[in-house]
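Note that the structure is predicted; figures quoted are calculated from it, not measured. When reading the values below, keep in mind they use all heavy atoms of this one structure, side chains included, and skip hydrogens, waters and symmetry mates.
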Amino acid sequence: MLLTKHGINMKYNFYGWETADAKPINNDYPGIENPIDLYNALSEIWSAETCAPRLRDKWTKENKTKGQCSITAFLTQDIFGGKVYGIPLEDGNFHCYNVIGNCCFDLTSEQFGEKAKELVYENNPEQFREVHFAKEEKKLRYELLKKRLSESLNK
(Lines give C-alpha, C1' and ligand atoms only; values in the text may rest on other atoms or scores of the structure.)
Protein backbone atom coordinates (compact mmCIF):
# COMPACT_ATOMS: atom_id res chain seq x y z
CA MET A 1 0.00 0.00 0.00
CA LEU A 2 1.31 3.43 -0.88
CA LEU A 3 0.01 6.60 0.70
CA THR A 4 -0.29 9.74 -1.35
CA LYS A 5 0.93 13.05 0.00
CA HIS A 6 0.72 16.14 -2.17
CA GLY A 7 0.29 13.89 -5.21
CA ILE A 8 3.41 11.87 -4.40
CA ASN A 9 3.22 8.17 -3.54
CA MET A 10 4.84 7.60 -0.15
CA LYS A 11 6.24 4.38 1.29
CA TYR A 12 7.43 4.23 4.86
CA ASN A 13 9.94 1.87 6.40
CA PHE A 14 8.86 1.70 10.02
CA TYR A 15 7.27 -1.52 11.27
CA GLY A 16 3.50 -1.64 10.86
CA TRP A 17 3.17 1.52 8.76
CA GLU A 18 0.74 -0.13 6.35
CA THR A 19 -1.85 -0.75 9.08
CA ALA A 20 -1.06 2.15 11.43
CA ASP A 21 -4.54 3.63 11.30
CA ALA A 22 -5.07 4.67 14.93
CA LYS A 23 -7.00 7.88 15.57
CA PRO A 24 -6.14 10.51 18.20
CA ILE A 25 -7.89 10.27 21.57
CA ASN A 26 -7.67 14.04 22.10
CA ASN A 27 -7.14 17.31 20.23
CA ASP A 28 -3.82 18.20 21.86
CA TYR A 29 -1.83 17.88 18.62
CA PRO A 30 -3.73 19.52 15.74
CA GLY A 31 -2.78 18.07 12.38
CA ILE A 32 -1.86 14.66 13.76
CA GLU A 33 -4.67 12.43 12.52
CA ASN A 34 -2.82 9.09 12.41
CA PRO A 35 0.62 7.58 13.15
CA ILE A 36 1.90 8.48 9.67
CA ASP A 37 1.22 12.17 10.42
CA LEU A 38 3.06 11.77 13.72
CA TYR A 39 6.03 10.07 12.04
CA ASN A 40 6.23 12.86 9.47
CA ALA A 41 6.16 15.53 12.19
CA LEU A 42 8.70 13.74 14.39
CA SER A 43 11.02 13.24 11.41
CA GLU A 44 11.49 17.00 11.41
CA ILE A 45 12.32 17.26 15.15
CA TRP A 46 14.13 14.09 16.27
CA SER A 47 17.69 15.13 17.06
CA ALA A 48 20.86 14.15 18.91
CA GLU A 49 19.42 16.14 21.81
CA THR A 50 16.37 13.85 22.01
CA CYS A 51 18.46 10.70 21.47
CA ALA A 52 19.36 8.46 24.43
CA PRO A 53 22.76 9.64 25.71
CA ARG A 54 24.34 6.17 25.36
CA LEU A 55 23.49 6.21 21.61
CA ARG A 56 24.20 9.84 20.72
CA ASP A 57 27.51 9.05 19.05
CA LYS A 58 25.58 6.80 16.63
CA TRP A 59 22.77 9.29 15.93
CA THR A 60 22.79 10.92 12.48
CA LYS A 61 20.28 12.75 10.32
CA GLU A 62 20.22 9.61 8.16
CA ASN A 63 19.39 7.49 11.24
CA LYS A 64 17.18 9.99 13.06
CA THR A 65 15.15 7.35 14.94
CA LYS A 66 18.28 6.08 16.73
CA GLY A 67 17.79 6.23 20.50
CA GLN A 68 14.29 7.73 20.27
CA CYS A 69 12.11 4.66 20.99
CA SER A 70 10.79 5.06 24.53
CA ILE A 71 10.13 8.79 24.41
CA THR A 72 8.47 8.39 21.00
CA ALA A 73 6.35 5.43 22.12
CA PHE A 74 5.08 7.26 25.22
CA LEU A 75 4.34 10.42 23.22
CA THR A 76 2.49 8.24 20.71
CA GLN A 77 0.51 6.77 23.61
CA ASP A 78 -0.40 10.30 24.76
CA ILE A 79 -1.88 10.99 21.34
CA PHE A 80 -3.47 7.67 20.36
CA GLY A 81 -3.85 5.74 23.63
CA GLY A 82 -3.09 2.04 23.69
CA LYS A 83 -0.14 0.37 25.35
CA VAL A 84 3.63 0.49 25.06
CA TYR A 85 5.54 -2.80 24.89
CA GLY A 86 9.25 -3.51 24.92
CA ILE A 87 11.33 -5.98 22.96
CA PRO A 88 14.16 -7.18 25.22
CA LEU A 89 17.56 -6.32 23.73
CA GLU A 90 20.88 -8.09 24.28
CA ASP A 91 22.21 -5.17 26.35
CA GLY A 92 19.39 -5.48 28.91
CA ASN A 93 17.40 -2.52 27.59
CA PHE A 94 14.02 -2.65 25.87
CA HIS A 95 13.07 -1.37 22.43
CA CYS A 96 9.64 0.26 22.82
CA TYR A 97 6.73 0.18 20.36
CA ASN A 98 2.97 0.79 20.39
CA VAL A 99 -0.10 -1.43 20.30
CA ILE A 100 -3.50 0.22 19.92
CA GLY A 101 -6.31 -2.31 19.65
CA ASN A 102 -5.23 -4.71 16.90
CA CYS A 103 -2.81 -2.15 15.45
CA CYS A 104 0.88 -2.71 16.23
CA PHE A 105 3.49 -0.27 14.95
CA ASP A 106 6.99 0.94 15.76
CA LEU A 107 7.80 4.47 14.64
CA THR A 108 11.49 4.00 15.46
CA SER A 109 12.22 0.53 14.05
CA GLU A 110 14.28 1.99 11.19
CA GLN A 111 17.16 2.62 13.61
CA PHE A 112 18.01 -1.10 13.39
CA GLY A 113 18.46 -1.09 9.61
CA GLU A 114 18.34 -4.62 8.17
CA LYS A 115 18.26 -6.08 11.70
CA ALA A 116 14.78 -4.58 12.14
CA LYS A 117 13.46 -7.68 10.36
CA GLU A 118 14.67 -9.74 13.35
CA LEU A 119 12.56 -7.82 15.89
CA VAL A 120 9.67 -9.86 17.32
CA TYR A 121 6.53 -7.89 18.16
CA GLU A 122 4.72 -10.58 20.13
CA ASN A 123 4.67 -11.66 23.78
CA ASN A 124 6.77 -8.76 25.04
CA PRO A 125 6.38 -7.09 28.44
CA GLU A 126 4.29 -3.95 28.78
CA GLN A 127 6.36 -0.84 29.51
CA PHE A 128 5.35 1.89 31.92
CA ARG A 129 6.33 5.54 31.83
CA GLU A 130 6.75 5.61 35.61
CA VAL A 131 9.63 3.14 35.26
CA HIS A 132 11.18 4.75 32.18
CA PHE A 133 10.78 8.31 33.46
CA ALA A 134 12.38 7.43 36.80
CA LYS A 135 15.49 8.31 34.79
CA GLU A 136 15.44 12.10 34.86
CA GLU A 137 17.31 12.46 31.57
CA LYS A 138 14.71 10.31 29.78
CA LYS A 139 11.82 12.30 31.23
CA LEU A 140 13.52 15.54 30.13
CA ARG A 141 14.05 14.18 26.59
CA TYR A 142 10.39 13.16 26.44
CA GLU A 143 9.30 16.65 27.57
CA LEU A 144 11.61 18.24 24.99
CA LEU A 145 10.21 16.06 22.18
CA LYS A 146 6.66 16.85 23.30
CA LYS A 147 7.40 20.59 23.43
CA ARG A 148 9.05 20.57 19.99
CA LEU A 149 6.11 18.67 18.50
CA SER A 150 3.62 21.21 19.89
CA GLU A 151 5.73 24.12 18.64
CA SER A 152 6.13 22.64 15.16
CA LEU A 153 2.38 22.00 14.84
CA ASN A 154 1.45 25.48 16.03
CA LYS A 155 3.63 27.35 13.50
Side-chain angles (χ1 to χ4, degrees), residues 1-24 29 31-129 131-133 135 137-142 144-146 148-149 152:
M1 176 177 118
L2 290 178
L3 297 177
T4 302
K5 181 177 178 182
H6 306 298
I8 300 169
N9 287 336
M10 304 290 291
K11 181 180 185 303
Y12 292 86
N13 293 315
F14 68 84
Y15 177 83
W17 74 270
E18 303 95 330
T19 58
D21 61 357
K23 298 296 175 207
Y29 297 90
I32 303 296
E33 299 300 323
N34 56 55
I36 297 283
D37 290 341
L38 179 58
Y39 177 87
N40 289 336
L42 291 173
S43 291
E44 301 295 320
I45 60 174
W46 279 315
S47 68
E49 210 175 356
T50 58
C51 177
R54 65 187 172 79
L55 298 171
R56 277 195 186 136
D57 62 333
K58 295 180 176 103
W59 187 91
T60 65
K61 287 183 179 180
E62 293 73 38
N63 192 359
K64 59 189 158 213
T65 63
K66 187 73 169 175
Q68 312 285 341
C69 74
S70 63
I71 63 172
T72 297
F74 288 115
L75 180 55
T76 300
Q77 184 182 48
D78 292 344
I79 298 169
F80 301 107
K83 294 184 177 186
V84 174
Y85 289 92
I87 299 170
L89 300 175
E90 290 177 5
D91 65 3
N93 289 296
F94 288 92
H95 173 68
C96 295
Y97 63 95
N98 297 85
V99 175
I100 303 160
N102 292 328
C103 180
C104 175
F105 59 94
D106 180 354
L107 295 180
T108 64
S109 63
E110 293 170 302
Q111 69 182 293
F112 295 102
E114 285 300 310
K115 289 188 174 214
K117 294 174 185 169
E118 299 170 17
L119 296 174
V120 178
Y121 293 92
E122 297 171 346
N123 302 316
N124 293 308
E126 186 174 353
Q127 302 295 297
F128 299 95
R129 65 184 63 222
V131 174
H132 282 265
F133 295 164
K135 293 180 182 175
E137 66 79 17
K138 191 178 286 191
K139 183 176 183 199
L140 293 173
R141 288 187 300 111
Y142 160 80
L144 176 61
L145 189 65
K146 193 172 171 174
R148 286 184 178 171
L149 178 61
S152 72

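Annotation: the span from L38 atom CG to N40 atom CG amounts to 9.0 Å, rounded to 0.5 Å. Note that the CG atom of L145 and the CG atom of L140 stand 12.5 Å from one another [nearest 0.5 Å]. Separating the SG atom in C103 from the CG atom in D21 is a distance of 5.0 Å, to the nearest 0.5 Å. Atom CG of L107 and atom OH of Y39 lie 8.5 Å apart (nearest 0.5 Å). Distance check: K139 NZ to F74 CZ gives 13.0 Å after rounding to the nearest 0.5 Å.
Across all non-hydrogen atoms, the minimal contact from P24 to F80 is N-CD2, 3.5 Å. The minimum heavy-atom distance between H95 and T108, with the atom names listed, is CE1-OG1, 3.2 Å. The shortest heavy-atom contact between P35 and F105 is CG-CZ, 3.5 Å. In plain terms, the two heavy atoms of I100 and G81 that are nearest each other are CG1-O, 3.6 Å. Contact record, C69 with Q111: CB-NE2, 4.0 Å, taken as the closest heavy-atom pair. The shortest non-hydrogen separation linking Q77 to K83 is NE2-CA, 3.8 Å.
In this structure, the side chain to side chain contact (heavy atoms under 4.5 Å, CB included) partners of D37, at least two apart in sequence or on a different chain, are I32, E33, N34. In this view, K117 and E114 satisfy the salt bridge (Lys or Arg N to Asp or Glu O under 4.0 Å) rule, not counting sequence neighbours.
With salt bridges taken as basic N to acidic carboxylate O contacts below 4.0 Å, none links E18 and K11. Between D57 and K66 no salt bridge is recorded (no basic side-chain N to carboxylate O distance below 4.0 Å).
Heavy atoms of other residues, nucleotides or ligands lying less than 6.0 angstrom from CD of E122 number 12 at most. Around the NZ atom of K58, the shell of radius 6.0 Å holds no more than 12 heavy atoms that belong to other residues, nucleotides or ligands. No more than 12 heavy atoms of other residues, nucleotides or ligands shown are found within 6.0 angstrom of CG on N123.
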Next item on the list: Give the C-alpha distance, both sets of side-chain angles, the deciding distance and a yes or no for side-chain contact (heavy atoms from CB on, under 4.5 Å) between K64 and S47.
Entry: CA-CA 7 Å; K64 59 189 158 213; S47 68; over 6 Å; no

Next item on the list: Take S70 and K138 through the side-chain contact (heavy atoms from CB on, under 4.5 Å) test and state the conclusion after the steps.
Entry: CA-CA 8 Å; S70 63; K138 191 178 286 191; 3.3 Å; yes

Margin query: Let's go through E49 and R148 carefully: what are the C-alpha distance in whole Å and the side-chain angles of both, what is the deciding distance for salt bridge (charged side-chain N to carboxylate O under 4.0 Å, His left out) to 0.1 Å, and is it a yes or a no?
Written below: CA-CA 11 Å; E49 210 175 356; R148 286 184 178 171; 2.3 Å; yes

Next item on the list: Take V84 and F94 through the test side-chain contact (heavy atoms from CB on, under 4.5 Å) and record every step on the way to the result.
Entry: CA-CA 11 Å; V84 174; F94 288 92; over 6 Å; no

Notebook entry, point to check: Which is it for N63 and T65 under the side-chain contact (heavy atoms from CB on, under 4.5 Å) test, yes or no, and what are the steps along the way?
Noted result: CA-CA 6 Å; N63 192 359; T65 63; 3.9 Å; yes

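S152 places a side-chain N or O within 3.5 Å of a backbone atom of L149 that can act as its donor or acceptor partner. Not a single donor-acceptor pair under 3.5 Å links the side chain of R141 to the backbone N or O of I71.
With D106 as the partner, the side chain to side chain donor-acceptor pair (under 3.5 Å) test is satisfied by one option alone out of Y15, Y121, W17, Y97: Y121.
A donor-acceptor contact under 3.5 angstrom links the side chains of Y142 and D78, judged on distance only. Between the side chains of T50 and Q68, at least one donor-acceptor pair of N or O atoms lies under 3.5 Å.
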